[in-house]
Amino acid sequence: MTQHITVIILTKNEALHISRAIASVRGFATRVLVVDSGATDETVALAKQAGAEVMHHPWTNYATQFNWALDQIAGQAGWVLRLDADEVVTLELAAQINAGLPDVAGITIGRRMHFMGQPIRHGGLFPIRVMRLFKNGKGRVEDRWMDEHTIVDGPTAALSGCIIDDNRNTLDWWIAKHNSYASREVIDILNQEHGFLPQESIAGLRHRDQAAVKRWIKEHVYARLPGGVRAGCYFFYRYMFRLGFLDGRKARAFHVLQGFWYRYLVDAKLLEVRDYMNVHQAQPVDAIRAVLGVDLAPSGETPNRAAA
């Protein structure tokens with residue numbers, strides 16, 4: 001029986017990557033749906049040229065955007081593959097998908113990463129198993145501002161094949177992006193404390209995959225360590241105990257930047273927002289807008305402003 005597989009890719013200014021991503025799924029995808037949030041480069045033209053269908057929707061966060069895309073194909077039979085524009089499906093995974101998928105709600109696959117063109121082999125990070133392939137109607141992305149994962153309703157299986165995250169943008173771009181990520185993670189941390197927005201977490205699922213276990217550790221162990229200190233502890237664990245220093249020169253830079261600089265930046269921004277709340281007697285939503293420049297109600301809707 002023919003498998004119907006819709007690949008959903010979210011984009012904004014991904015001209016460097018989009019053709020490569022679409023080419024990697026061409027052998028098994030029935031439909032490639034690109035949801036663009038306002039690209040000013042050749043992303044849309046290249047996506048159409050590669051055979052994708054393009055829709056447009058304004059950006060709030062990844063979870064909102066991807067779940068909107070799922071709403072556009074609601075009721076259609078088949079599977080959904082969630083793929084980032086800077087990711088590619090390996091030939092091994094493509095062959096496994098073509099061989100036939102089991103009768104389950106969702107399938108975890110491996111995810112590996114390259115940094116500045118160099119594979120990350122150490123540090124205890126990759127490959128990580130992620131839920132990226134699921135039956136349409138059986139999955140959705142958890143409602144979070146950062147580090148969102150897919151929740152499925154039903155039994156799951158696993159494929160050994162991988163996707164590879166291989167972003168080819170500059171280091172300046174990477175730093176700017178992770179500065180934005182840090183702000184989004186601060187929003188999730190404060191929301192977990194004060195409850196001003198709806199939020200889900202895969203950490204509480206009874207049947208946990210690898211990503212859910214890591215989320216539980218992050219929320220119940222890492223979060224209880226002193227701010228700032230925990231960034232250093234995590235970096236030492238990853239760089240020394242998990243042998244991150246054995247990676248290549250560029251990959252070692254990833255461990256330092258993502259394992260220490262980024263984690264410390266999150267704690268510094270969190271401290272800045274909390275200080276603003278204390279000095280100005282401000283609610284979290286107002287402090288986030290003033291300090292991080294993020295309006296949590298861009299459409300005019302007002303979040304719950306009460307601080308718990």
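Keep in mind the model is a prediction, meaning the values are calculated, not measured. We're numbering straight along the sequence, starting at 1.
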For the side chain of [X] and the backbone of [Y], is there at least one donor-acceptor N/O pair under 3.5 Å apart?
| X | Y | value |
| --- | --- | --- |
| R129 | R111 | no |
| D188 | M146 | yes |
| N191 | L197 | yes |
| T43 | K12 | no |
| D247 | I120 | no |
| S24 | A21 | yes |
| R31 | T6 | no |
| N67 | A63 | yes |
| D267 | G228 | yes |
| Q72 | W68 | yes |

Using a 4.5 Å cut-off on heavy atoms from C-beta on, say whether the side chain of [Y] contacts that of [X].
| X | Y | answer |
| --- | --- | --- |
| V25 | F28 | yes |
| I107 | T156 | no |
| L133 | V80 | no |
| P119 | R112 | no |
| S19 | L46 | yes |
| I163 | T90 | no |
| Y239 | H122 | no |
| E92 | S160 | yes |

Please name the pair of heavy atoms, one in [X] and one in [Y], separated by the smallest distance, quoted to 0.1 Å.
| X | Y | value |
| --- | --- | --- |
| A182 | K269 | CB-CD, 4.1 Å |
| V54 | A47 | CG2-CB, 4.0 Å |
| M277 | A287 | CG-CB, 3.4 Å |
| E142 | D147 | OE2-O, 3.6 Å |
| K250 | M116 | CD-O, 3.4 Å |
| P102 | W79 | O-CZ2, 3.4 Å |

Within one Ile-Leu-Val-Met-Phe-Trp-Tyr cluster: [X] and [Y], side-chain cutoff 4.5 Å:
| X | Y | answer |
| --- | --- | --- |
| W145 | L270 | yes |
| L125 | I109 | yes |
| M113 | L246 | no |
| L16 | I9 | no |
| V88 | L10 | no |

Steps toward side chain to side chain contact (heavy atoms under 4.5 Å, CB included) verdict (D165, D86): CA-CA 6 Å; D165 180 327; D86 59 0; 3.7 Å; yes
Trace of the side chain to side chain contact (heavy atoms under 4.5 Å, CB included) decision for L33 with V7: CA-CA 6 Å; L33 177 58; V7 179; over 6 Å; no
R132 and E87: CA distance, side-chain angles, deciding distance, salt bridge (Lys or Arg N to Asp or Glu O under 4.0 Å) verdict: CA-CA 12 Å; R132 291 293 194 90; E87 294 175 338; 2.8 Å; yes
Give, for atom [atom1] of [X] and atom [atom2] of [Y], the distance between the pair rounded to the nearest 0.5 Å.
| X | Y | atom1 | atom2 | value |
| --- | --- | --- | --- | --- |
| I22 | K48 | CD1 | NZ | 12.0 Å |
| H114 | R168 | NE2 | CZ | 8.5 Å |
| F235 | F241 | CZ | CZ | 15.5 Å |
| D84 | T11 | CG | OG1 | 11.0 Å |
| L81 | F134 | CG | CZ | 8.5 Å |
| Q281 | D286 | CD | CG | 12.5 Å |

Residue [X] excluded, over 12 heavy atoms near [atom1] under 6.0 Å:
| X | atom1 | result |
| --- | --- | --- |
| Q118 | CD | yes |
| F245 | CZ | yes |
| L243 | CG | yes |
| R121 | CZ | no |
| F66 | CZ | yes |
| D103 | CG | no |

Distance-only side-chain donor-acceptor flag, K177 / N167, under 3.5 Å: no
Short side-chain donor-acceptor distance under 3.5 Å, R263 and Y222: yes
Stepwise side chain to side chain contact (heavy atoms under 4.5 Å, CB included) check, Q65 with V35: CA-CA 8 Å; Q65 192 80 337; V35 181; 3.6 Å; yes
Ring centers of W174, F115 separated by less than 6.0 Å: yes
Steps toward salt bridge (Lys or Arg N to Asp or Glu O under 4.0 Å) verdict (D166, R20): CA-CA 10 Å; D166 184 18; R20 184 187 64 176; 3.4 Å; yes
Intermediate values then yes/no, side chain to side chain contact (heavy atoms under 4.5 Å, CB included), L83 and I8: CA-CA 6 Å; L83 189 71; I8 297 178; over 6 Å; no
Step-by-step side-chain hydrogen bond (donor to acceptor under 3.5 Å, both in side chains) determination, Q258 to R238: CA-CA 11 Å; Q258 202 273 342; R238 181 163 138 185; 2.5 Å; yes
R82 and E148: CA distance, side-chain angles, deciding distance, salt bridge (Lys or Arg N to Asp or Glu O under 4.0 Å) verdict: CA-CA 12 Å; R82 171 186 169 189; E148 63 290 312; 3.5 Å; yes
